A.B. asks: 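Submitted below is the structure of interest, expressed as structure tokens.
Quick caveat, the model's predicted, so the values are computed rather than measured. The chains referred to below are lettered A, B, ... by the order of the sequence lines, with proteins before strands, and numbering in each begins at 1. Values reported hereafter were calculated over all heavy atoms of this structure, with side chains retained and with hydrogens, waters and symmetry mates removed.
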2 protein chains.
Amino acid sequence: MDQLGIKKLAAMLKVSKSTVSRAFFENSGIKEETKQRVLSLAAELSFTPSFYGSNLRRKNSNTIAVVVPEISNNFFSQAIKGIEEILSKHNYNVLIYVTDSDGLKEADFISTINSGKVDGIIMSASAEEYNHEYISNLKRSKIPVVFFDRVYDDIEAPKVITNDYDISFDATELLIKAGCTKIVFLVVNKAISIGNSRMCGYLDAMKKHQLIQDESCVIDCSNDFQKNYSIIGNCLDNLKPDGIFCSIERLAIATYHLCIDRNINIPNDLKVISFSSLEIAPLLNPALSTITQPALEMGLKAASLLIKCIREPGINNVVTNVLESKIIERESTRQRVIK
Amino acid sequence: MDQLGIKKLAAMLKVSKSTVSRAFFENSGIKEETKQRVLSLAAELSFTPSFYGSNLRRKNSNTIAVVVPEISNNFFSQAIKGIEEILSKHNYNVLIYVTDSDGLKEADFISTINSGKVDGIIMSASAEEYNHEYISNLKRSKIPVVFFDRVYDDIEAPKVITNDYDISFDATELLIKAGCTKIVFLVVNKAISIGNSRMCGYLDAMKKHQLIQDESCVIDCSNDFQKNYSIIGNCLDNLKPDGIFCSIERLAIATYHLCIDRNINIPNDLKVISFSSLEIAPLLNPALSTITQPALEMGLKAASLLIKCIREPGINNVVTNVLESKIIERESTRQRVIK
DNA sequence: TTGTAAGCGTTATCAC
DNA sequence: GTGATAACGCTTACAA
């Protein structure tokens, strides 16, 4: 039995396949009347031209891949929301790949993607440490890539990042002005672009105020809650900080849990500030001072940029867009609190 | 110039296209040695068979569509994480569509999907009120659909839901036992399956304890923060409740903001419980009592179910799986608090 | 404005 | 184990 397809439609309408095909395009020089005839039958049978037949012939897919380290995370889910919003408005399909911060998975995904599967890629990097040849290969296949937030410095591509260094410098000074002298910086991966910029901002601010000489107050954490809980616990025991700067939201959450369990008063005993996309930071106990990235806007920007790269392949679009994060001061960094 | 393709590879290796093609499959009766020869050249050139060429010929796509009302939301992002985890393990690509709770968008998406684009669909429903013919059409094309959380009762399909009615009943009794007599139920959409089940659980518990006769304490809210803020504000003024049951996390957040601004003490003046997937509910001020759905597990389950439907098309897989939500009691419903 | 026919890159079938 | 060939469903010159 024949599948429903442009061929069968053609037979039913007694026109040629091409005529049916033309009905689905804008400027295809088809008589309005025939077009309507085709489209109405198509609607009745709820027919849409085969995606794969069409893609194969036209050599484009109207599909974009989004590759991210995690998805269940306020920053990324907001960014993806922005990406999806723009792309679906332009009739692109959105393919999602989650790497779990695993560089090998990233390489795997991107390599299989590299078969005409998508017209472009939006990604946030998972691993600085590997060879990024698989990304250069995309260039050869003319598949544009746009990075957001976590970028690879060795890859030339449009990037959407935030002012991590500056804002980290400012956040550190905010803690210092609030009276902290022993500020610890919690980081998950110093090797990755953002981890590094944030750390440098912190270090330079501390050095400026002559509060440290070395990196002994930079604490390496992980993505696992239990591990972080004990790492930060040890840090409190050993370093006895009066301020904590969390480079990632997750670390602030571990810190809060620790403070509840140990009955440490924020901000009296310890002040905390964190990068965070948490909308309910003001509802925490105490309200958390945050450095908030424009997650949604970064997604919107990255998607628009990619579309531009696809539409105007000749033009050099390799620009690094820096969007501004905002520091929002709340309870957790308040200088003195009357209880 | 010839594109890199199985044809070109064949020429380079002086074998036929078929041989090259066979190298990429498991049991294709190809000599191990030739297979390696092909694969190593392919690796060198970083070649993967064209996704679209292959899909067209094989009439399957190894792609699943995930259709959800929103993405930047704890419940959905956790569920999607689970879905993605299973699907990528089985080498499926994941296409994401966000409807913004708009039934027309949902119908649009699903209709364009219905062109062999995907092998199956996992969805959480956006709109009860429309005609769901576009979903029945999928059946005709033999594209399996699995629902999770928000389902359409008029569609026969495997579904993954939670015990909304029972747990809402229990949550209401919990408020009653904590001393509430005037409990208000906040809902976004009573028409949708979960909104309705939750409301019925609440109503029946209230009736059992003879605390209400009618639905006057069911308050219709929206998805917009400002609107909810004023709706709930009015509700506090007019109904003067001593307990609030939020059917959606978003509503609890609006309630908390309102209580801060109006200096209403939770739980002394007002007790609050809410459906919520918020991991940091214990860190709120005060810690929020939640009804927590197994979001991740629902995603895992839905994805496994869909794969089963694809692998075993003959078998009747139309089952409704009920996973259990959990009530976690915290500060916000505590009976008496010494301040 | 419409029809004819070639071809997109694969894989399945059949013959060798 | 391998090769030739047709076909998947569509779009697009080109011809009418």
A.B. asks: Using a heavy-atom cut-off of under 4.0 Å over every strand shown, decide if G5(A) touches base, sugar-phosphate, or nothing.
C.D. replies: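 Sugar-phosphate, backbone atoms only, no base.
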A.B. asks: Indicate, with a heavy-atom threshold strictly under 4.0 Å, whether F47(A) touches base, sugar-phosphate, or nothing.
C.D. replies: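 F47(A): backbone/sugar contact only, no base atoms under 4.0 Å.
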A.B. asks: Using a heavy-atom cut-off of 4.0 Å across all strands, would you classify I30(A) as base, sugar-phosphate, or nothing?
C.D. replies: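 The residue I30(A) makes sugar-phosphate contact but no base contact.
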A.B. asks: Within the structure shown, what part of the strands sits under 4.0 Å from S18(A) by heavy-atom distance: base, sugar-phosphate, or nothing?
C.D. replies: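 If one applies the 4.0 Å heavy-atom cut-off, S18(A) turns out to touch a base.
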A.B. asks: Report which part of the nucleic acid F25(A) touches: base, sugar-phosphate, or nothing (heavy-atom distance under 4.0 Å, all strands).
C.D. replies: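 If one applies the 4.0 Å heavy-atom cut-off, F25(A) turns out to touch the sugar-phosphate alone, with no base involved.
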A.B. asks: Within the 4.0 Å heavy-atom criterion, would you say S21(B) contacts the bases, only the backbone, or no part of the nucleic acid?
C.D. replies: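 Counting heavy atoms under 4.0 Å across all strands, the contact made by S21(B) includes a base.
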A.B. asks: Would you call the rings of Y152(A) and F147(A) parallel, tilted or perpendicular if under 30° counts as parallel and over 60° as perpendicular?
C.D. replies: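 Judged by the thresholds at 30° and 60°, the geometry between Y152(A) and F147(A) is perpendicular.
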A.B. asks: Just list the side-chain donor-acceptor pairs under 3.5 Å for residues 308-315 of chain A, sequence neighbours left out, or say none.
C.D. replies:
none

A.B. asks: Tell me whether the side-chain N or O atoms of R22(B) pair up with the base of dG3(D) as donor and acceptor below 3.5 Å, since no angle test is needed here.
C.D. replies: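 A donor-acceptor contact between them is present.
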A.B. asks: Remember a base hit wins even if backbone is also touched, and classify I6(A) as base, sugar-phosphate or nothing at under 4.0 Å, heavy atoms.
C.D. replies: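 Contact class for I6(A): base.
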A.B. asks: Looking only at side-chain atoms of P49(A), point me to the closest of dC10(D), dT2(D), dG9(C).
C.D. replies: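 Of dC10(D), dT2(D), dG9(C), dC10(D) is nearest to the side chain of P49(A).
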A.B. asks: Can you tell which of dG3(C), dG3(D), dA6(C) lies closest to the side chain of T19(B)?
C.D. replies: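 My answer, after comparing the listed nucleotides, is dG3(D).
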A.B. asks: With heavy atoms under 4.0 Å as the rule, sort K59(B) into base, sugar-phosphate or nothing.
C.D. replies: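 Contact class for K59(B): sugar-phosphate only.
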A.B. asks: Quick one: the side chain of R57(B) and the base of dA12(C), do they pair up donor-acceptor inside 3.5 Å?
C.D. replies: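 Check fails, no donor-acceptor contact within cut-off.
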